[in-house]
Amino acid sequence: MASANRINQLSSHLSSNPHAAAMSSGDSAFTHVTQAPPDPILHLSHLHSEDTFEKRINVGVGAYRDENGKPWVLPVVRKAEKQLIQDPKFDHEYLPIDGLKPFYEASVRLILGKDSAAVKEKRYVGIQTISGSGAVRLGGAFLNRFRKAKIYVSNPTWGNHHDIFKDAELEVHTYPYWDPKTRGLALEDMLKSLKDAPNGSIIVLHPCAHNPTGVDPTPEQWRQIAAVLKEKSHFPFFDCAYQGFATGDLDRDASAVRYFVEQGFELLVCQSYSKNLGLYGERAGCLTVVLKSASVVPQVRSQLVRLQRAAISSPPAFGARVASLILNDETMFREWTEQLKIMSGRIQTMRKLLHDALIELKTPGTWNHITDQIGMFCYTGLSVKQVGVMKEKYHVYLTDNGRISVAGLNQSNVRTFAEALDWVVRNVN
Ligand SMILES: Cc1ncc(COP(=O)(O)O)c(C=O)c1O
């Protein structure tokens, strides 16, 4: 009798539940799943790789390329890899949940500075993450659980910020950042929007080489931004994916974060070694929480560890081990700073060559922003329509917002790129 009831219950459940009914008829349980849009940047790389035109240009993906358009493994990274692999003690054991201690401790010193009061007073928590994206995600989860508030990202920002923070169940808003008229920072509008945001909001800031605009606040503008955040008790959330890539100087690129720490803020800062060490696929990153008091460090660490355990168990080891060797060895660290200058210097040279080519071609408009902007990206100001023509007519792949990764340019293709840009500016509205 009991089993007959159970069968009746089950069949009525099946008829009222469309997913269960689909299962019973042999269809997939996932027929109701709609197609998600492709990732715009990875999709561009795919289109570029499918294109057979010899002179195709990929300025979509934010990854460094050398003069031959090829990925560059930094010589210091090769050196550290060899040292690691030849070490008889090298193994593939799990890292602790919070990662490799010499790596995350060195990462904290790299971003805050070894003389930072927060470092000396031990009022920080560092934890290794799955690169910069993992740091942003873990930071979002931590704030969602322990300091929930509306979160404001710049308009525009790295596209993934929206998805990551939504996924972390935070309410995402934007503040103005880019002024299309000046092709620079919309400071007044930005400050007004930050003033209008509810007290205690979370504000996401790019400390250097803003993605996608390449426009960074000046030191004086950072002071004004910090003053508004203080007045409004907002919480700064720094996403630092390009330390050393903007100016070639690791300390200079960290100066906004350090200024906020000096001003006494509690804050979060995410670091990525994708670009500055070229460890893209190794997923080496760090999340640091700067606190007002060392007394809360154990509790904050324990909760970050708990969140990380539930999300990924423990972070990947190889990239962190490579980075740790470089960060903690004086000679290798010096070699790294020299190689960083090679990358940032080549990008600056490409900016100048592109600028000069456009001036020589007398391309309508002003092009100073190409050399004024900093880091890997340049916001050209091209419209979606113009971007479409760049792709179709010239086989040049850039994102719809007109952003180019300057690292995709080199001596052989910069002129072709400039000519394509010149044509669309003249002929496509
Ligand atoms: C602003 C910003 N944050 C975070 C990341 C994350 O990079 P990754 O996860 O490769 O470290 C990127 C990469 O493009 C970025 O531009």
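Start at 1 and go down the list; that is how both ligands and their atoms are numbered. What's counted below: heavy atoms across the whole structure, side chains too, no hydrogens, waters or symmetry copies.
Here's the thing with His206: none of its N/O atoms is less than 3.5 angstrom from an N/O atom of ligand 1. For ligand 1, the polar-atom distance check finds an N/O of Asn211 within less than 3.5 Å of one of the ligand's N/O atoms. Residue-to-ligand polar distances keep Tyr280 apart from ligand 1: every N/O pair is separated by 3.5 Å or more. The shortest N/O to N/O separation between Phe377 and ligand 1 does not fall below 3.5 Å.
Nearest protein heavy-atom contact of atom 12 (C) of ligand 1 is Trp158 CE2, 3.6 Å. Nearest protein heavy-atom contact of atom 13 (C) of ligand 1 is Lys275 NZ, 3.5 Å.
The aromatic rings of Tyr379 and Trp178 lie perpendicular to each other, with more than 60° between the two planes, well past the 30° mark. In this pair, Tyr177 and His210 present their aromatic rings parallel. The plane angle is below 30°, not in the 30 to 60° band.
Interatomic distance, CD1 of Ile202 versus NE2 of His173, reported as 10.5 Å (0.5 Å rounding).
Ligand 1 does not have His210 within reach: every non-hydrogen atom of the residue lies 4.0 Å or more from it. Ligand 1 does not have Tyr273 within reach: every non-hydrogen atom of the residue lies 4.0 Å or more from it. For the pair Asp239 and ligand 1, a heavy-atom separation below 4.0 Å is found.
A salt bridge does not link Arg109 with Asp251: none of the charged nitrogens is closer than 4.0 Å to a carboxylate oxygen.
Side-chain atoms of Tyr124 and Glu105 form a donor-acceptor pair, as typed in the model, at a separation below 3.5 Å.
Among Ser154, Ser274, Ser133, Gly281, the residue whose heavy atom lies closest to atom 9 (O) of ligand 1 is Ser133.
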